[in-house]
S.K.: 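Here it is, the structure, as structure tokens.
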Amino acid sequence: MRNDRHDEPLSGEELELFLQYLHRFANHDVDQFVLMEVGDPGYPCYMDLSRSPAPGTAPAVYRRP
């Protein structure tokens with residue numbers, strides 16, 4: 001399923017669905033870590049999903065939606 005509305009932000013409902021899917025993905029698909037490149041290929045966003053905080057970063061600085 002693809003949605004090509006890249007030129008507009010997520011609505012509140014879409015953001016809630018995204019967070020629900022992200023939690024499911026983290027619970028069922030992330031073993032140790034996942035590295036992804038998403039967004040505009042000319043200006044990508046790099047994502048690092050892992051089971052531990054970034055080195056030197058306290059877990060308390062992470063926001064839980």
S.K.: Which donor-acceptor pairs under 3.5 Å do the side chains of residues 58-65 make with protein atoms, sequence neighbours left out?
M.R.:
{"residue": "Y62", "atom": "OH", "partner": "A54", "partner atom": "N", "Å": "2.9"}

S.K.: Rounded to the nearest 0.5 Å, how far does CG of D7 lie from CG of D40?
M.R.: 11.5 Å
S.K.: Around atom CZ of R51, are there more than 12 heavy atoms of other residues, nucleotides or ligands at under 6.0 Å?
M.R.: yes
S.K.: Is E13 atom CD crowded by more than 12 heavy atoms from other residues, nucleotides or ligands, each under 6.0 Å away?
M.R.: no
S.K.: If you compare all heavy atoms of G42 against all heavy atoms of P44, which two are closest, and at what distance to 0.1 Å?
M.R.: C-CD, 3.6 Å
S.K.: Sequence neighbours excluded and cut-off under 3.5 Å, please list the side-chain donor-acceptor pairs for residues 28-38, or say none.
M.R.:
none

S.K.: Ignoring hydrogens and geometry, is there a side-chain-to-backbone donor-acceptor pair from Q20 to L17 under 3.5 Å?
M.R.: no
